[in-house]
Colleague: 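There's a structure below that I have some questions on.
Below, chains carry the letters A, B, ... as their sequence lines are ordered, and counting in each starts from 1. Excluded from the calculations below are hydrogen atoms, water molecules and symmetry mates; all remaining heavy atoms, backbone and side chain alike, are included.
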Number of protein chains: 2
Amino acid sequence: MSPRRSRPIAAVADAPAAPEATRDQILVEAARLFRHQGYAATTLRQIADAAGIKAGSIYYHFGSKDELLGVVLDQGISVVDLEVKRRVEALPKGASQRERVAAAIEGHLFGLLQHGDFTSANIRLYGQIPLAAKNKHRIVRRAYADYWDKLLEQAMASGEFRADVNLAVLRLFLIGALNWTVEWYNPQRGTFKSFVQQITSIVFDGMVSREPVAAPRLSRKLRKEQGA
Amino acid sequence: MSPRRSRPIAAVADAPAAPEATRDQILVEAARLFRHQGYAATTLRQIADAAGIKAGSIYYHFGSKDELLGVVLDQGISVVDLEVKRRVEALPKGASQRERVAAAIEGHLFGLLQHGDFTSANIRLYGQIPLAAKNKHRIVRRAYADYWDKLLEQAMASGEFRADVNLAVLRLFLIGALNWTVEWYNPQRGTFKSFVQQITSIVFDGMVSREPVAAPRLSRKLRKEQGA
DNA sequence: GTCTATACCTCGATAGAC
DNA sequence: GTCTATCGAGGTATAGAC
């Protein structure tokens, strides 16, 4: 939650140091500032400063602040979309529905946390941006939601997943829950792999113990707290 | 997600038409505009307009825009906190851990959705506000988190809830998942009661079927989609 | 308590030199 | 491609009448 630059999960650099380097720099700094300050509170002068240029120069690369926002928003979806599809499509033909959804969850979390400034900016800002920007961006959001709907529909139709909850409710709840991890995930408190396993385990099997304990006794300390 | 006024779930009016009516009006409109436009993008002129007064008059009730934000933020927590504690404390002494957590979830969702402009504003803005406002507000957030930690700790210690996931991870994931429902919940697609039951069922028992089907066969249509 | 009027500041965006 | 310089608009906040 600190306004510093976020580190990638693995020791892999983000940018290939390619051409368009300045443009990419602007995007990276814009995403970071949009995430932590909001859209309106972030000035082009701040972005330019962070990118090592002057404010006027941004207009060589982007037509307006709104257009810059649009690109940040789209990237926030596409980096996640990419990781999800890569993992699901790499699965063998005979993979179970559970394996398929687990691969999608891992991909979603990986893309989400690896590019936290873009994905968090997307999540935080989408509800607050001008209507025009929202309408344009809605299309890529819808496409990503459709992909998940198909995945979950198959999982429910197969019998591996429960079919007694509404598909849209399930998808919205799941994606929302996963998305919010970018707001509190701390890479210093364990490996990414163990994090994914914990999250997947909770959403697959729930919080309740599988085999109910016969006599659920509380310790004296906890019994006292419960009374309070 | 539309910028219109949100309706309460039940047919219960929010305000008791008390004194301080103007101050309350300012708060309600500020929460609504902060939620949908963000903090910086919302002007005091807009808030005043919506409240039926002039911008300068706001300063009779609040010392600054930042102070107004602080009050909106605090209310976003306290309305939820109130509903949770009311329900948990109304439970009989012998209530199970499952019943206690279920009551907390229902209270959280009720407060959250009943006062959507305040709670959504809180959730959306917390990561974007000036550091000073954040530091003040952090205290009430911490207290609410502590309440949940105690609740979940008891549930895990009793054996009714799984103890093989980290407490903080579980609490952050659960609260985050619940909170995000305010961004997509639609009261027109079913009763609040059935919504709570669906959500509670998912987080308690998970998405996976309890009794695995022996031969998970897909229909021809779904098999084709999976291939693509 | 609410109004009008306004001071002062900073923003996004543009023009033109280099 | 990036710079400097600047325009016009619109923001928070304050002062003082009513």
Colleague: List in chain and number order the residues that pass ring-ring contact (aromatic ring centres under 6.0 Å, His included) with B:Phe195, two or more places apart in sequence or in another chain; answer none if no residue qualifies.
Modeller: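 B:Phe195: ring-ring contact (aromatic ring centres under 6.0 Å, His included) contacts with B:Trp184, B:Tyr185.
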Colleague: Is the number of heavy atoms from other residues, nucleotides or ligands within 6.0 Å of CZ (A:Arg189) greater than 12?
Modeller: no
Colleague: Which value, rounded to the nearest 0.5 Å, describes the distance between B:Tyr39 atom OH and B:Leu33 atom CG?
Modeller: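 It is 13.0 Å, given to the nearest 0.5 Å.
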Colleague: Walk me through whether B:Arg32 and B:Glu29 qualify under salt bridge (Lys or Arg N to Asp or Glu O under 4.0 Å).
Modeller: CA-CA 5 Å; B:Arg32 185 175 58 87; B:Glu29 301 299 341; 2.6 Å; yes
Colleague: Return the set of residues passing salt bridge (charged side-chain N to carboxylate O under 4.0 Å, His left out) with B:Asp66 (not counting sequence neighbours), or none when no residue passes.
Modeller: none
Colleague: If you walk 5' to 3' along DNA chain C, what is the first nucleotide with an atom under 4.0 Å of a heavy atom in chain A, and what is the last?
Modeller: C:dC11 to C:dT14
Colleague: Using the test salt bridge (charged side-chain N to carboxylate O under 4.0 Å, His left out), find all partners of B:Asp74 that sit at least two apart in sequence or belong to another chain.
Modeller: none
Colleague: For nucleotides 8-11 of chain D, which of its nitrogen or oxygen atoms have a protein nitrogen or oxygen under 3.5 Å away, and what is each distance?
Modeller:
unit_1, atom_1, unit_2, atom_2, d
D:dG11, OP2, B:Arg45, NE, 3.4
D:dG11, N7, B:Arg45, NH2, 3.0

Colleague: Return yes if a side-chain donor-acceptor contact under 3.5 Å exists between B:Glu106 and B:Thr200, otherwise no.
Modeller: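 Looking only at side-chain atoms, B:Thr200 and B:Glu106 do not form any donor-acceptor pair under 3.5 Å.
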Colleague: Please report, rounded to the nearest Å, how far the P atom of D:dT14 is from the OH atom of B:Tyr60.
Modeller: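 So the OH-P distance, B:Tyr60 to D:dT14, works out to 16 Å.
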Colleague: Mind checking salt bridge (charged side-chain N to carboxylate O under 4.0 Å, His left out) for A:Glu83 and listing every partner two or more places apart, or none if nothing turns up?
Modeller: A:Arg86, A:Arg87
